Q: 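Below you'll find the structure I mean.
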Amino acid sequence: MDLAAPAQIFAHDSLEGLVELHYISPSEDQSSYQGLHLTKLEALPEQLPNNSWLLLIGTSKLARHLDEPEYRHAVEWLRLQSQGKSLIAGICSGTLLAAKAGMLDGKRCTTHHELTDVLRTLAPEARVQEDCIFVNDGHLWSSAGITTGLDLCLQLVADHWGHGKALEIARSLVLYQRRSGHEQQVSFWLNHRNHIHSRIHDVQDMIMSAPGHSWTLSELSVRVHLSERHLSRMFTRATGESLQDYLQQARVELARQLLEQTRLSLDEIAEKMWLSG
């Protein structure tokens, strides 16, 4: 899953033409701990192309094998990539490879909760984070486990191609969306989406597309072909929030984004919010 789960996200039809996957390794053949054999893997390139993304895939016993020849080869190769412009993400124990290569000094990072002490030993200058599902520090990313690699990859999709694309992929794969809780938080727009009610997703999509619009229960219910009472009940049951509270949070989030991403004053933002409403 460390390998297949991120691959499933980046090979999604909605990213066709945007992502080109390569499976690279110190050797052409590899076997997983569960006995799955992989073959015809590409050799490690001399240098990663600029702006490429490198995902370091963990194994359940990686910490025991770091001094074996093949792992030493991978670590030495990683050291040569450390000065490049590639995004590097450790999936679960894959972060240990980056640590062994000396890439984490002064960086926030995480790994599986059973390996945080190993990570601190390998990278004593790193700022190891616990109780979070993934961490981003500059071009370095790391996740706390197999399934949290999915959260990390969805966040990468959201950052580079928009939250709508991330939501589309998550919904297609029926993924539970979470937030880190400590480090960089997943946007408000990804909150309350861990349900499978398509009409409620449609309502959330409409609000996300125009959060400054003065949405009313009546207008939204007509658009999704539900009665106002039924929509209100369904929304609360699916998201844990009332529709009115959700609308208010959307407007607060819009104001926050305007404050952070523009030079508008508070008065100008308030006027813009009033006019858009």
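The model shown is predicted, which means the values in this text are computed figures rather than measured ones. Values below: every heavy atom of this structure, side chains too, minus hydrogens, waters and symmetry copies.
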Q: By side chain to side chain contact (heavy atoms under 4.5 Å, CB included), which residues pair with Pro45, not counting sequence neighbours?
A: Ile24, Leu48, Trp77

Q: Scan for salt bridge (Lys or Arg N to Asp or Glu O under 4.0 Å) pairs involving residues 29-41, sequence neighbours excluded, and state none if there are none.
A: none

Q: Quick one: NE2 on His225 to CZ on Arg199, what's the gap to the nearest 0.5 Å?
A: 7.5 Å

Q: Check step by step if side-chain contact (heavy atoms from CB on, under 4.5 Å) holds for Leu243 and Thr236.
A: CA-CA 7 Å; Leu243 183 52; Thr236 301; over 6 Å; no

Q: List the residues meeting salt bridge (charged side-chain N to carboxylate O under 4.0 Å, His left out) with Arg79, not counting sequence neighbours, and say none if there are none.
A: Glu76

Q: Return the set of residues passing side chain to side chain contact (heavy atoms under 4.5 Å, CB included) with Ser221 (not counting sequence neighbours), or none when no residue passes.
A: Glu228, Leu231

Q: Give, for atom CG of Leu122 and atom CG of Leu104, the distance between the pair rounded to the nearest 0.5 Å.
A: 9.0 Å

Q: Looking at residues at least two apart in the chain, or sitting in another chain, which of them share a side chain to side chain contact (heavy atoms under 4.5 Å, CB included) with Ala11?
A: Leu21

Q: Looking only at non-hydrogen atoms, find the nearest pair between Ser25 and Leu41 and report the distance.
A: CB-CD1, 3.7 Å

Q: Can you check whether Glu219 reaches His213 side chain to side chain, under 4.5 Å on heavy atoms?
A: yes

Q: Without swapping roles, check the side chain of Trp141 against the backbone of Cys153 for a donor-acceptor pair under 3.5 Å.
A: no

Q: If you take all heavy atoms of Cys109 and Ser142, which pair is closest and at what distance?
A: CA-OG, 3.3 Å

Q: Calculate, to the nearest 0.5 Å, the distance between atoms CD and OG belonging to Glu16 and Ser14 respectively.
A: 10.0 Å

Q: Does the side-chain contact (heavy atoms from CB on, under 4.5 Å) test come out yes or no for Val224 and Met206, once each step is laid out?
A: CA-CA 10 Å; Val224 294; Met206 284 186 280; 3.7 Å; yes

Q: Using the rule given for side chain to side chain donor-acceptor pair (under 3.5 Å), can you reason through Asp159 versus Gln155, listing the C-alpha separation, both sets of side-chain angles and the distance that settles it, and then say yes or no?
A: CA-CA 6 Å; Asp159 287 352; Gln155 186 63 40; 2.9 Å; yes

Q: What's the separation between atom CG in Asp205 and atom CZ in Arg223, rounded to the nearest 0.5 Å?
A: 12.0 Å

Q: Kindly work out whether a path of hydrophobic side-chain contacts (I/L/V/M/F/W/Y, heavy atoms less than 4.5 Å apart) joins Leu55 to Val75.
A: no

Q: Any heavy-atom pair between the side chains of Leu156 and Leu87 that's under 4.5 Å?
A: yes

Q: Would you give the length of the straight line joining atom CD1 of Ile88 to atom CG of Leu78, rounded to the nearest 0.5 angstrom?
A: 6.5 Å

Q: With a 4.5 Å heavy-atom cut-off, do Leu3 and Leu38 have their side chains touching?
A: yes

Q: Tell me the salt bridge (Lys or Arg N to Asp or Glu O under 4.0 Å) pairs involving residues 93-105, sequence neighbours left out?
A: Asp67-Lys100

Q: For residues Ser172 and His12, report the shortest heavy-atom separation together with the two atoms involved.
A: OG-NE2, 3.1 Å

Q: Apply side chain to side chain contact (heavy atoms under 4.5 Å, CB included) to Thr59 and list each qualifying residue two or more places apart in sequence or on a separate chain.
A: Leu62, Tyr71

Q: Atom OG1 in Thr239, atom NE2 in His201: separation rounded to 0.5 Å?
A: 10.5 Å

Q: Establish whether Trp161 and Phe134 are linked, either directly or via other cluster members, by ILVMFWY side-chain heavy-atom contacts under 4.5 Å.
A: yes

Q: Examine distances only and state if a side-chain atom of Thr110 and a backbone atom of Gln129 form a donor-acceptor pair shorter than 3.5 Å.
A: yes

Q: Do Ile133 and Ile9 sit in one hydrophobic cluster, given that two such residues count as connected whenever their side-chain heavy atoms are within less than 4.5 Å of each other, even indirectly?
A: yes

Q: What pairs with Gln47 under side chain to side chain donor-acceptor pair (under 3.5 Å), at least two apart in sequence or on another chain?
A: Gln81

Q: State whether the side chain of Asp137 and the backbone N or O of His139 hold a donor-acceptor pair below 3.5 Å, judged by distance alone.
A: no

Q: Taking the side chain as every heavy atom from C-beta outward, state whether Met208 and Leu167 have any atom pair closer than 4.5 Å.
A: yes

Q: Minimum heavy-atom separation for Ile91 and Gly145, please, with both atom names.
A: CG2-O, 4.3 Å

Q: Just grab all the ring-ring contact (aromatic ring centres under 6.0 Å, His included) pairs involving residues 14-38, residues at least two apart or on different chains.
A: none

Q: Looking at Gln8, I'd like to know if its CD atom is crowded, meaning that more than 12 non-hydrogen atoms belonging to other residues, nucleotides or ligands lie closer than 6.0 Å.
A: no

Q: With distance as the sole test, does Thr111 use its side chain to make a donor-acceptor pair with the main-chain N or O of Ala144 at under 3.5 Å?
A: no

Q: Just checking Glu68: does its CD atom have more than 12 heavy atoms from other residues, nucleotides or ligands closer to it than 6.0 angstrom?
A: yes

Q: Apply the test side-chain contact (heavy atoms from CB on, under 4.5 Å) to residues Leu44 and His73: give CA-CA distance (whole Å), side-chain angles for both, the deciding distance (0.1 Å), then the verdict.
A: CA-CA 10 Å; Leu44 300 177; His73 179 192; 4.3 Å; yes

Q: Which pairs count as ring-ring contact (aromatic ring centres under 6.0 Å, His included) when at least one residue sits in residues 83-125, sequence neighbours excluded?
A: none

Q: Write down the atom of Pro49, the atom of Ser86, and the distance for their closest heavy-atom approach.
A: O-OG, 3.4 Å

Q: Decide whether Leu173 and Leu15 are clustered together by the hydrophobic rule: side chain heavy atoms of Ile, Leu, Val, Met, Phe, Trp, Tyr closer than 4.5 Å, transitively.
A: yes

Q: How about CZ on Arg233, more than 12 heavy atoms from neighbouring residues, nucleotides or ligands closer than 6.0 Å, or not?
A: yes

Q: Can you tell if the side chain of Phe10 reaches within under 4.5 Å of the side chain of Val157, non-hydrogen atoms only?
A: yes

Q: Is there a side-chain contact between Arg120 and Asp117, using heavy atoms and a 4.5 Å cut-off?
A: yes

Q: Honestly curious: do Val135 and Met103 fall in one hydrophobic cluster under the side-chain, below-4.5 Å linking rule?
A: no

Q: For side-chain contact (heavy atoms from CB on, under 4.5 Å), just list the numbers for Leu66 and Leu97, CA-CA rounded to whole Å, side-chain angles, deciding distance to a tenth of an Å, and then say yes or no.
A: CA-CA 8 Å; Leu66 285 173; Leu97 289 171; 3.8 Å; yes

Q: Write out all pairs satisfying ring-ring contact (aromatic ring centres under 6.0 Å, His included) with one or both partners inside residues 228-252, taking only residues at least two apart or from two chains.
A: Phe188-Tyr246, Phe235-Tyr246

Q: Checking Glu168 now: which residues fulfil side chain to side chain donor-acceptor pair (under 3.5 Å) with it, not counting sequence neighbours?
A: none

Q: What's the shortest heavy-atom distance between Asp2 and Pro6, and which atoms?
A: O-CD, 3.0 Å

